[in-house]
Amino acid sequence: GLSRISHRTPLMYTLNGKKTLVSAIIPAFNVEETIGEVIHSASRHPLIGEILVVDDGSSDRTAERAREAGARVISLSENCGKAEALEAGVREALHDVLLFLDADISGLTRESIHHLVMPVVSGRHEHYVGLRGRKFFLLNRFLHLVPILGGERALTRNLWEQVPHDYKKGFQIEIALNYFSKKTKGNMGFEVIHGLTHRTKEKKFGLLEGFLRRIGMSGEVLLIATKLYVLEEVKQKFATLSKSLRLRWENSLVRSKDL
């Protein structure tokens, strides 16, 4: 179970007698205006043992701002995409509980981080997603009907390693994490985190480029969702059916020989 230990800094918890801290990993691309705020917000929570910012080929002062705010910075030589940046961060992370944060969010608080990490640190969930607050009550009520997408999520290193490399591409990683979390029978949960906002792609990149990037992201999500939840399921059901038919055929051969 989870217990609190009295330490000055950092405050620690134990899970099954083992001290548990969290590695916060922030993929960042040209976010010099917001990266400092995200780092400062994350550093306020006592379970955050380290903050790694993966500078994904930025052309502005993102890396410099991140270092000034106290993060450990991993710099990629070119823009590789979200999943590849996360992979670079996980490789360098010291802890086995991971917290993924978008670099352009605001409104992140100690309380919201607590809501994200505690379900995983406590062992209740292997994967827990924070969804940015929706404006409409009915959408909140029926949130289970839409895909669970969100850059703010806590998970175990074990789950990350269960995702095949082929699915660790761009924005596809969020759908892939959801799928393999359920596939490996890991306990996945989510909740709406009120107060979180982020810069839209249109504000970040300009109207045209932002719109094109949004279309590209939506295409990636649709592609991986179709591949995993439709094609992969059909493939597995076909494999199960083929195995069943083969066993029946083999059994029939055995019975015919006995006759």
Side-chain angles (χ1 to χ4, degrees), residues 2-15 18-28 31 33-54 62 65-66 68-74 82 85-86 89-90 92-134 140 143 148-160 173-174 177-178 181 186-199:
L2 189 69
S3 62
R4 178 171 171 171
I5 303 176
S6 178
H7 280 274
R8 291 184 179 177
T9 50
L11 177 67
M12 291 186 181
Y13 289 75
T14 62
L15 182 60
K18 184 180 179 181
K19 293 178 182 177
T20 302
L21 286 175
V22 178
S23 293
I25 301 174
I26 309 171
V31 286
E33 296 179 5
T34 57
I35 188 63
E37 178 188 348
V38 177
I39 294 168
H40 288 309
S41 298
S43 66
R44 295 189 186 105
H45 197 284
L47 284 180
I48 303 300
E50 62 173 348
I51 300 174
L52 296 93
V53 170
V54 183
T62 293
R65 297 297 189 200
E68 290 173 353
R72 181 152 62 104
V73 176
I74 303 166
K82 184 173 186 176
L86 289 171
V90 174
E92 296 293 325
L94 299 176
H95 307 295
D96 290 330
V97 176
L98 312 170
L99 173 65
F100 295 163
L101 297 172
D102 281 346
D104 57 356
I105 57 171
S106 59
L108 188 68
T109 65
R110 175 173 169 152
E111 181 182 8
S112 58
I113 291 176
H114 198 76
H115 279 279
L116 283 167
V117 301
M118 285 307 299
V120 179
V121 169
S122 67
R124 295 197 307 272
H125 293 276
E126 182 183 38
H127 183 203
Y128 203 77
V129 184
L131 300 165
R132 298 181 187 116
R134 305 294 196 260
N140 279 334
L143 202 52
I148 302 176
L149 297 174
E152 288 65 60
R153 58 182 67 213
L155 61 147
T156 63
R157 183 189 295 272
N158 180 64
L159 172 60
W160 179 264
I173 186 59
E174 296 182 7
L177 283 170
N178 296 347
S181 179
N187 194 1
M188 176 181 173
F190 70 94
E191 68 176 275
V192 174
I193 306 292
H194 296 281
L196 282 182
T197 60
H198 75 113
R199 293 176 65 193

**OP:** List the steps, then state whether side-chain contact (heavy atoms from CB on, under 4.5 Å) holds for Thr34 with Ile105.
**Re:** CA-CA 7 Å; Thr34 57; Ile105 57 171; over 6 Å; no
**OP:** Kindly indicate, with the supporting measurements, whether the criterion side-chain contact (heavy atoms from CB on, under 4.5 Å) is fulfilled by Glu92 and Val54.
**Re:** CA-CA 10 Å; Glu92 296 293 325; Val54 183; over 6 Å; no
Subject >> Worked check of side-chain contact (heavy atoms from CB on, under 4.5 Å) between Val53 and Ile35 >> reply: CA-CA 9 Å; Val53 170; Ile35 188 63; 4.1 Å; yes
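Across Ala85 and Pro27, no two heavy atoms sit closer than the pair CB-CB, 3.8 Å. A pairwise comparison of heavy atoms in Leu52 and Gly89 identifies CD2-O, 4.0 Å as the closest pair. Scanning both residues, Ser41 and Ile113, for their nearest heavy atoms gives O-CD1, 3.6 Å. The shortest non-hydrogen separation linking Ile51 to Ala42 is CD1-CB, 3.8 Å.
No donor-acceptor distance shorter than 3.5 angstrom exists from the side chain of Arg157 to the backbone of Val97, with no hydrogens or angles considered. Without hydrogens or angle criteria, Ser181 side chain to His127 main chain gives no donor-acceptor distance under 3.5 Å. Side chain of Ser112 to backbone of Ile193: no donor-acceptor contact under 3.5 angstrom is found. A distance-only check finds a donor-acceptor pair linking the side chain of Asn187 to the backbone of Arg124 [under 3.5 Å].
With sequence neighbours excluded, no residue forms a side chain to side chain donor-acceptor pair (under 3.5 Å) with Ser43. Annotation: side chain to side chain donor-acceptor pair (under 3.5 Å) contacts of His115 (sequence neighbours excluded): Glu191. Glu50 meets the salt bridge (charged side-chain N to carboxylate O under 4.0 Å, His left out) test with Arg72; sequence neighbours excluded.
Inter-residue side-chain proximity for Leu159 and Leu177 is flagged as met; some heavy-atom pair is nearer than 4.5 Å. Inter-residue side-chain proximity for Leu116 and Phe100 is flagged as unmet; no heavy-atom pair is nearer than 4.5 Å. For the pair Thr156 and Asp96, the minimum side-chain heavy-atom distance is 4.5 Å or more. Considering only heavy atoms from C-beta on, Leu47 stays 4.5 Å or farther from Thr20 through its side chain. Using a 4.5 Å heavy-atom cutoff, the side chains of Leu108 and Leu196 are in contact. Put simply, the side chain of His95 reaches to within 4.5 Å of the side chain of Leu21, judged on heavy atoms. A heavy-atom distance below 4.5 Å is found between the side chains of Trp160 and Leu86. In this structure, the side chains of Asn178 and Arg153 come closer than 4.5 Å at one or more pairs of heavy atoms.
Atoms CG and CD1, from Asp102 and Ile26 in turn, are 9.5 Å apart once rounded to the nearest 0.5 Å. Taking CD1 of Ile48 as the reference point, atom CG of Leu99 lies at 5.0 Å (rounded to 0.5 Å). Taking CG of Leu101 as the start and CD1 of Ile39 as the end, the distance is 10.0 Å to the nearest 0.5 Å. In this structure, His40 NE2 and Glu68 CD are separated by 9.0 Å, a value rounded to the nearest 0.5 Å. Here CG of Leu98 is found 5.0 Å from CG of Leu155. Values are rounded to the nearest 0.5 Å. Taking CZ from Arg110 and CZ from Arg44, the interatomic distance works out to 10.5 Å, rounded to the nearest 0.5 Å.
Ionic pairing of Glu174 and Lys82 is present here: one or more N-O contacts between side-chain nitrogen and carboxylate oxygen are shorter than 4.0 angstrom.
Within 6.0 Å of CD in Glu111 there are 12 or fewer heavy atoms belonging to other residues, nucleotides or ligands.
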